[in-house]
Amino acid sequence: MRDLSGIVKAYDIRGVVGEQLDADVVRDFGAAFARLVGGSAVVVGHDMRDSSPGLAAAFAEGVTAQGVDVVNIGLASTDMLYFASGKLDLPGAMFTASHNPAKYNGIKLCRPGAAPVGQDSGLGQIREDAEKGVPDAEGVAKGKVTEQDMLADYAAYLRELVDLSGSRPLRVVVDAGNGMGGHTVPKVFEGLPIEIVPMYFELDGNFPNHEANPLDPKNIVDLQKRVQEEGADAGVAFDGDADRCFVVDERGEPVSPSAITALVAVRELAKDPGGTIIHNLITSHAVPEIVREHGGVPVRTRVGHSFIKEEMARTGAIFGGEHSAHYYFRDFWRADTGMLAALHVLAALGEQDGTLSDLTRDYARYAASGEINSTVDDQQGRLAAIKAEFGAREGVELDELDGLTVNLPDGSWFNLRASNTEPLLRLNVEAADAASVAALRDEVLAIVRG
């Protein structure tokens with residue numbers, strides 16, 4: 001039996017091509033997925049990595065060997081695969097390793113309607129079956145593979161959800177990072193009153209210009225500079241599979257994903273008064289404050305897309321946002337789409353005469369540290385030390401929904417949580433100003449790092 005524990009993660013499958021992930025393994029993943037979801041067909045898409053078309057074809061072989069058809073949509077962003085799953089009401093498989101380096105690839109799986117498949121909702125079973133090997137189904141005809149281009153339908157659907165027809169003309173720099181945004185952005189923005197200044201739109205899974213992870217500050221330096229050079233109204237960066245977007249304002253300054261969450265939440269609440277908005281527990285406290293001020297109901301969740309989607313389904317939420325620049329929409333099958341979030345931001349900007357920095361200032365009320373990782377040998381021991389230190393202080397509230405959240409009497413707070421996959425503790429701090437953030441950050445890190 002194979003051991004696939006190293007590549008089957010909490011929410012997806014990811015590994016080094018040729019070492020951990022090859023055509024034989026992927027064929028069994030396809031067969032195991034077909035057995036899990038049943039039905040008539042599976043929709044499959046892939047990103048621009050050199051290994052993606054071959055691995056997607058091997059997956060399709062496994063699916064069709066179980067008597068299930070495959071609808072191959074070819075080159076796609078992850079949210080385009082979710083669109084296809086929702087529109088066609090089929091389970092789906094997306095071949096991508098998101099922002100990971102070129103040597104990696106992976107699979108994101110969903111049930112019909114883009115419902116997530118995670119460790120507890122089928123991924124564990126897929127791993128068990130693939131470890132043993134999955135024989136071809138007996139007594140059934142082999143499934144067929146058909147091709148279907150979904151790009152135009154995807155673009156049209158997004159434009160139906162956000163009306164930009166009344167926008168003033170905007171000039172926007174878009175950094176696709178040589179990822180799938182280079183494929184989807186031209187079609188989505190076609191005919192809109194927005195001039196796109198493209199950066200790194202050439203599809204290249206070797207990422208020759210920078211890593212396709214816009215949450216790392218070094219990867220948006222080119223975008224920040226170009227926005228200023230062009231005198232642009234805004235800049236947008238997508239990650240490798242273009243399901244996340246990151247925004248910079250006209251000065252080239254980053255706009256926090258929490259501010260984007262608040263901005264989009266206000267727009268969604270205007271359409272659906274009293275709606276529920278999901279935010280994870282390390283999103284800025286400004287988000288639930290602003291949601292309440294606009295008549296909405298904020299609901300706090302653990303970090304991770306499966307938790308967000310579960311809560312959206314349970315509560316009927318209209319929108320959800322994460323600190324990691326994932327944005328989830330009820331009208332997009334509760335799936336995450338950075339492209340739709342970007343359209344909302346540009347629509348909000350184009351509906352008024354001010355700058356993006358003016359527009360987002362009201363949504364960014366506090367200073368934040370961003371996520372700080374510490375490599376530690378004893379995650380639980382360090383968490384316990386923090387709990388003992390801060391729990392003894394007067395007026396401090398502790399919360400263990402996800403890791404340890406410490407709320408201080410002055411309104412500042414921090415969350416410290418263990419990585420599921422690495423010997424890391426992840427720290428996020430928020431306070432009234434940068435100096436307070438720095439002081440609290442340093443105090444916590446002194447204990448965490450000994």
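Below, all heavy atoms of this structure are taken into account, side chains as well, without hydrogens, waters or symmetry copies.
A donor-acceptor pair under 3.5 Å links the side-chain atoms of Thr360 to the main chain of Leu356, judged by distance alone. In this structure, the side chain of Glu253 does not engage the main chain of Asp249 through any donor-acceptor pair within 3.5 Å. Although no hydrogens or angles enter the test, the distance criterion places no donor-acceptor pair under 3.5 Å between the side chain of Glu195 and the main chain of Val172. Distance alone, capped at 3.5 Å, is enough to place a donor-acceptor pair between the Ser85 side chain and the Ala114 backbone. Within the 3.5 Å criterion, the main-chain N or O of Val188 finds a donor-acceptor partner in the side chain of Arg159. In this structure, the side chain of Ser167 does not engage the main chain of Leu164 through any donor-acceptor pair within 3.5 Å. A donor-acceptor pair under 3.5 Å is absent between the side-chain atoms of Ser52 and the main chain of Met48, judged by distance alone. Remark: the backbone N or O of Leu4 is paired with a side-chain donor or acceptor of Glu131 at under 3.5 angstrom. The main-chain N or O of Asp3 is never found under 3.5 Å from a side-chain atom of Arg127 such that the two would form a donor-acceptor pair. One N or O on the side chain of Gln66 and one on the backbone of Pro135 form a donor-acceptor pair closer than 3.5 Å.
Proximity of Glu250 to Asp233: side-chain heavy atoms (C-beta onward) are nowhere separated by under 4.5 Å. With a 4.5 Å cut-off on side-chain heavy atoms, Val255 and Val248 do not count as touching. Considering only heavy atoms from C-beta on, Val376 comes within 4.5 Å of Val448 through its side chain.
The CD atom of Glu371 sits 8.5 Å away from atom CG of Asn415, with the distance rounded to the nearest 0.5 Å. Rounding to the nearest 0.5 Å gives a distance of 10.5 Å between CZ of Arg334 and CD1 of Ile278. To the nearest 0.5 Å, atom CD of residue Gln125 and atom CG of residue Asp120 are 12.5 Å apart. Separating the CG atom in Leu75 from the CZ atom in Phe95 is a distance of 14.0 Å, to the nearest 0.5 Å. Lys271 NZ to Arg267 CZ: the interatomic distance, rounded to the nearest 0.5 Å, is 7.5 Å. To the nearest 0.5 angstrom, Ser51 atom OG is 11.0 Å from Asp22 atom CG.
His210 and Asp216 share no side-chain donor-acceptor pair at under 3.5 Å. Donor-acceptor pairing under 3.5 Å is recorded for the side chains of Arg14 and Asn100. Between the side chains of Ser369 and Arg441, no donor-acceptor pair is found at a separation under 3.5 Å. Side-chain atoms of Thr355 and Ser357 include a donor-acceptor pair closer than 3.5 Å. Judged by distance alone, the side chains of Asn209 and Asn178 do bring a donor and an acceptor atom under 3.5 Å apart. A donor atom on one side chain and an acceptor atom on the other are not found under 3.5 Å apart for Asn105 and Arg49. Remark: the Asn428 side chain and the His323 side chain contain no N/O donor-acceptor pair separated by less than 3.5 Å. No donor-acceptor contact under 3.5 angstrom links the side chains of Gln228 and Arg251, judged on distance only.
Ring to ring, His285 and Tyr366 are not that close: their centroids are 6.0 angstrom or more apart. Taking the six-membered ring for Trp and the full ring otherwise, Phe332 and Tyr82 have centroids separated by 6.0 Å or more.
Here the options are Asp149, Thr184, Asp79, Thr337, the test is side chain to side chain donor-acceptor pair (under 3.5 Å), and the partner is Tyr154; only Asp79 passes. Considering Phe329, Tyr327, Phe319 as possible partners of His344, the one that fulfils the ring-ring contact (aromatic ring centres under 6.0 Å, His included) test is Phe329. Screening Asp241, Asp12, Asp336 for a salt bridge (charged side-chain N to carboxylate O under 4.0 Å, His left out) involving Lys108 leaves a single residue, Asp241. When each of Asn219, Leu223, Val247, Asp239 is tested with Pro214 by the rule side-chain contact (heavy atoms from CB on, under 4.5 Å), just one qualifies, namely Asp239.
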Stepwise salt bridge (charged side-chain N to carboxylate O under 4.0 Å, His left out) test for Asp358 and Arg361: CA-CA 5 Å; Asp358 290 337; Arg361 190 170 293 120; 2.9 Å; yes
Derivation of the side-chain hydrogen bond (donor to acceptor under 3.5 Å, both in side chains) call for Glu322 and Thr283: CA-CA 6 Å; Glu322 288 199 275; Thr283 304; over 6 Å; no
Audit row: His99, Arg244, side-chain hydrogen bond (donor to acceptor under 3.5 Å, both in side chains) steps and yes/no: CA-CA 10 Å; His99 61 275; Arg244 289 188 295 151; 3.3 Å; yes
side-chain contact (heavy atoms from CB on, under 4.5 Å) evaluation trace for Val173 with Met199: CA-CA 7 Å; Val173 181; Met199 291 183 67; 3.5 Å; yes
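By the 6.0 Å contact criterion, CG on Asp353 is open, its count of non-hydrogen atoms from other residues, nucleotides or ligands being 12 or less.
Looking at Arg382 and Asp377, no side-chain N of the basic residue comes within less than 4.0 Å of a carboxylate O on the acidic one, giving no salt bridge. Under 4.0 Å is where a charged nitrogen must lie from a carboxylate oxygen, and between Asp28 and Arg2 at least one such pair does. In summary, Lys142 and Asp69 do not engage in a salt bridge, as defined by a charged side-chain N under 4.0 Å from a carboxylate O.
Between Phe83 and Tyr157, the ring planes lie tilted relative to each other; the angle falls in the 30° to 60° range.
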